[in-house]
Amino acid sequence: MANREELAVIRGARAGRAESQLALGRLYLFGSAGLPRSLPTALHWLDRAAQQGCVEAWQLIGNHIPVDLARDNPQPVTGWYERAYDGGLVRAGLVYAQLVLDAARDGQCTPAQRTKALRALEDAARAGFPEAQWLLAREHGAAPPETDEAGARMPAARAPVASPAGQRWLRQAADSGVGAAQFALLEQDWNAGRWAAWLERALPLARTLAGSDAAQDHTAARLAPDEVLLLSRCAQLVEANEAPHDVTPEELLRFWEIAAAEQDRHAQFALGLWCARMRVDGKRIPGSHGAANFKKSVRWLTQAGEQGLAEAWYALSRIYIKPEFSQRNVLEAQKYLERAAEMGYRDAQLECGNAAWRARRENENNDVRALFWLQKAAAQGCPKAAAALRKLAPRQPGAWTDLGALTAGRDLASHPLLAARLELAVAFGLSRAEALLLDIRNADRGHCLVIDIRASYGRSRRRLISVETAQERQLLDRVALVFENVDCGPGGPEGNYRQRLYRLRSLLPDMDGADPGADEGDYSLAA
């Protein structure tokens, strides 16, 4: 409760006396025996005193009222900080600069005010204020704008190109202990591949985080996203032998465990592989000791996979086919393998293609599925998949090399179906029998053509041809429109094989020598 003297000050302040308002503001600013410390109340009375020309009032505001309270104040107080800065108070200049730059972002300040704010910011930075150094780094483009002025750590973003001055201020802010500046500098080093510089700054932070209360007790405050990413990246570089030798395996494991518990998918994946004592392809890590804990590994890998990490599902598929795994299940392994392949993991796509090809005797259409996955893997640069494609779906070029000369001067407009078949034959290297008998609509599977005319041509065999280019895809789409609602069988408008061959020879009499590999002798199923 206020004493008699303080009550007199309160009455005088309410009566409008500037000296009483100043005294009351000072009492609330620092607290007293009878009045509690209250910065909002102190700002109210100091502002009223400053409005009456009290110099000490705006000096106290500039020196002691923080920027957050100034932002929330309903009355504009930027002018008091400006006067205090003009009077030589550097800290007031820092708050003034923050308020003006806030207004600049909303388009509510003049160029002269912004220039003065930057000058005040530089004065505060040179005086050693870390907040000013961090703000200057951001103003010069050395830090991502998503991070706020107070240094709250946001998920790291790729920092823009900064000026030399911005980099200098960023390093000073990081050395002064501004967390956001430290993480912005780390992000720059990481993106540039400067592993030694990154580790020199990151390892002490990671060790501090690993021993923090938040890391020890997850019921307390959780780690920030950038802190989790820091631990995960430290573990990655340690595992890749980029870190100093004083990092122990126990420390590496600790980084992984903390980041994994904070839902970092890469840490969960690495921890799952470590628990299984294996690499992603299922082979045991050379030199690893101790028994594998597959149950724990499956839990971590599942969490990583559910967060979109395709290689985690692939590693799970390798675990489920291990004979030593007590819950070995081939069907589960295949499910996880296909999930990884669908998410774009190249090794899983190769394995799915090989598995489907091996199972083609169980289902003839498995070869189409095999080709689909092998194409996906080959498109990602897998040499084994590319070699398998050349073996499983070979082209037969050269069968129609003289087609242009044979059709020169001949009008095929009255035979659009035959003309379309000849285009396919040239593009995909079809034999004469295949070109004349192929059921276009059933043969097109999107990624490949299924060439199967055995029902009409007994000497043929089923084979596949990959659709490799956009031009080939466009050709197939165009030909499909020509054959839309057309019966490609012997009862259709084209007739049987003998009739189609006769029509071809009539239109292209020089065709007999163009397809030496064709065999016209078996018409047993064509008539």
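Hydrogens, waters and symmetry mates play no part in the numbers below; they use all other heavy atoms, side chains included.
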message: If you apply the rule salt bridge (Lys or Arg N to Asp or Glu O under 4.0 Å), what do you find for Arg254 with Glu251, and how did you get there?
response: CA-CA 5 Å; Arg254 181 66 179 150; Glu251 207 168 23; over 6 Å; no
- prompt: Does the ring centre of His64 sit less than 6.0 Å away from the ring centre of Phe30?
  reply: yes
message: Determine whether the aromatic ring centres of residues Trp195 and Trp190 are separated by less than 6.0 angstrom.
response: yes
message: Checking Asp175 against Arg201 for the salt bridge (Lys or Arg N to Asp or Glu O under 4.0 Å) test, could you report, in this order, the C-alpha distance in whole Å, the side-chain angles of both residues, the deciding distance, and whether it holds?
response: CA-CA 10 Å; Asp175 293 338; Arg201 188 176 291 273; 3.4 Å; yes
- prompt: Within the side chain of Asn191, is there an N or O that forms a donor-acceptor pair under 3.5 Å with the backbone of Glu187?
  reply: yes
query: Is a donor on one side and an acceptor on the other found under 3.5 Å between the side chain of Trp169 and the backbone of Leu136?
result: no
- prompt: Hey, does Ser176 have a side-chain heavy atom less than 4.5 Å from the side chain of Arg171?
  reply: no
task: May I have all residue pairs that pass side-chain hydrogen bond (donor to acceptor under 3.5 Å, both in side chains) and include part of residues 10-21, sequence neighbours excluded?
output: Gln21-Gln52
- line: So salt bridge (charged side-chain N to carboxylate O under 4.0 Å, His left out) across residues 30-45, not counting sequence neighbours, yields none
- request: Show your working on side chain to side chain donor-acceptor pair (under 3.5 Å) between Gln51 and Asp47 and close with a plain yes or no.
  value: CA-CA 6 Å; Gln51 291 176 22; Asp47 178 44; 3.1 Å; yes
task: Evaluate the side chain to side chain contact (heavy atoms under 4.5 Å, CB included) criterion for residues Glu324 and Phe294: first the C-alpha distance (whole Å), next the side-chain angles of each, then the deciding distance (0.1 Å), finally the verdict.
output: CA-CA 9 Å; Glu324 62 266 33; Phe294 290 118; 3.7 Å; yes
- prompt: Using a distance-only test with no angle check, is there a side-chain donor-acceptor pair under 3.5 angstrom linking Gln98 and Glu131?
  reply: no
- prompt: Can you check whether Leu230 reaches Leu209 side chain to side chain, under 4.5 Å on heavy atoms?
  reply: yes
All ring pair (Phe, Tyr, Trp, His ring centres under 6.0 Å) counterparts of Trp373, not counting sequence neighbours: none
- request: Decide whether Gln188 and Gln167 meet the rule of one side-chain donor and one side-chain acceptor closer than 3.5 Å.
  value: yes
- request: Would you mind checking if Arg71 and Asp102 are paired as a salt bridge, meaning a charged N to carboxylate O distance below 4.0 Å?
  value: yes
message: Can you give me the closest heavy-atom contact between Val330 and Arg328, atom names plus distance?
response: CG2-NH1, 3.9 Å
field: Under 3.5 Å: donor-acceptor pair, side chain of His447, backbone of Val368
entry: yes
message: Tell me whether the count of non-hydrogen atoms from other residues, nucleotides or ligands lying under 6.0 Å of CD in Gln380 goes above 12.
response: yes
Lys/Arg-Asp/Glu bridge criterion (N-O < 4.0 Å) met for Arg114, Glu139: yes
message: Return the OG1 to CG distance between Thr41 and Leu46, rounded to the nearest 0.5 Å.
response: 10.5 Å
query: How long is the span from the CG atom in Leu350 to the SG atom in Cys382, to the nearest 0.5 Å?
result: 4.5 Å
task: Check whether any side-chain heavy atom of Gln471 sits under 4.5 Å from a side-chain heavy atom of Thr469, and report yes or no.
output: yes
Pairwise distance CG(Leu89) to CG(Leu60) - rounded to 0.5 angstrom: 9.5 Å
message: Is there a side-chain contact between Arg48 and Trp45 in this structure, where contact means two heavy atoms from C-beta onward sitting under 4.5 Å apart?
response: yes
- prompt: So, does Glu338 use its side chain to make a donor-acceptor pair with the main chain of Lys335 at under 3.5 Å?
  reply: no
- request: Taking all heavy atoms of Glu472 and all of Ser466, pick out the closest pair and write down the distance.
  value: OE1-O, 3.9 Å
message: Among residues at least two apart in sequence or on other chains, which ones pass ring pair (Phe, Tyr, Trp, His ring centres under 6.0 Å) with His266?
response: none
field: Within-4.5 Å side-chain heavy-atom neighbours: Leu374 and Asn354
entry: yes
query: So, for Pro130 and Ala173, which heavy atoms are closest and what is the spacing to 0.1 Å?
result: O-CB, 4.3 Å
- line: Rounded to the nearest 0.5 angstrom, the CG-OG1 distance for Leu99 and Thr78 is 4.5 Å
query: For the side chain of Glu342 and the backbone of Arg339, is there at least one donor-acceptor N/O pair under 3.5 Å apart?
result: no
- prompt: Are the charged groups of Lys384 and Glu351 less than 4.0 angstrom apart, N to O?
  reply: no
Asp477/Arg473 salt bridge by N-O under 4.0 Å criterion: yes
- prompt: Can you name the ring pair (Phe, Tyr, Trp, His ring centres under 6.0 Å) partners of Tyr320, sequence neighbours left out?
  reply: Phe325, Tyr336
message: Determine whether a donor-acceptor pair (N or O, by modelled atom type, separation under 3.5 Å) exists between the side chain of Arg390 and the backbone of Ala385.
response: no
task: Please work out which of the three classes, parallel, tilted or perpendicular, describes the rings of Trp80 and Trp58, given edges at 30° and 60°.
output: parallel
Shortest non-hydrogen contact between Val9 and Ala23, atoms and distance: CG1-CB, 4.0 Å
query: Step by step, would you call Asp347 with Asp281 a side chain to side chain contact (heavy atoms under 4.5 Å, CB included)?
result: CA-CA 9 Å; Asp347 291 350; Asp281 60 0; 5.9 Å; no
- request: Can you see which heavy atom on Cys352 is nearest to which on Ala341, and at what distance?
  value: SG-CB, 3.8 Å
query: Going by heavy atoms in the side chains, are Trp274 and Trp256 under 4.5 Å from each other?
result: yes
- prompt: Are any of the side-chain heavy atoms of Cys275 and Trp300 separated by less than 4.5 Å?
  reply: yes
field: Nearest heavy-atom neighbours spanning Ala267 and Ala259
entry: CB-CB, 3.5 Å
message: Run Lys295 and Val298 through side chain to side chain contact (heavy atoms under 4.5 Å, CB included) and show every step you take.
response: CA-CA 5 Å; Lys295 184 176 180 181; Val298 166; over 6 Å; no
Would you be so kind as to tabulate the donor-acceptor pairs closer than 3.5 Å made by side chains of residues 306-318, with sequence neighbours excluded?
| unit_1 | atom_1 | unit_2 | atom_2 | d |
| --- | --- | --- | --- | --- |
| Gln307 | NE2 | Gln263 | O | 3.0 |
| Gln307 | NE2 | Gln268 | OE1 | 2.8 |
| Trp313 | NE1 | Gly305 | O | 3.1 |
| Ser317 | OG | Tyr314 | O | 2.5 |

Pair Gln334-Leu331, side chain to side chain contact (heavy atoms under 4.5 Å, CB included): steps then yes or no: CA-CA 5 Å; Gln334 186 63 27; Leu331 293 179; 5.7 Å; no
field: Carboxylate-amine/guanidinium proximity below 4.0 Å for Asp86 and Lys116
entry: yes
query: Do the non-hydrogen side-chain atoms of Val95 and Pro66 ever get within less than 4.5 Å of each other?
result: no
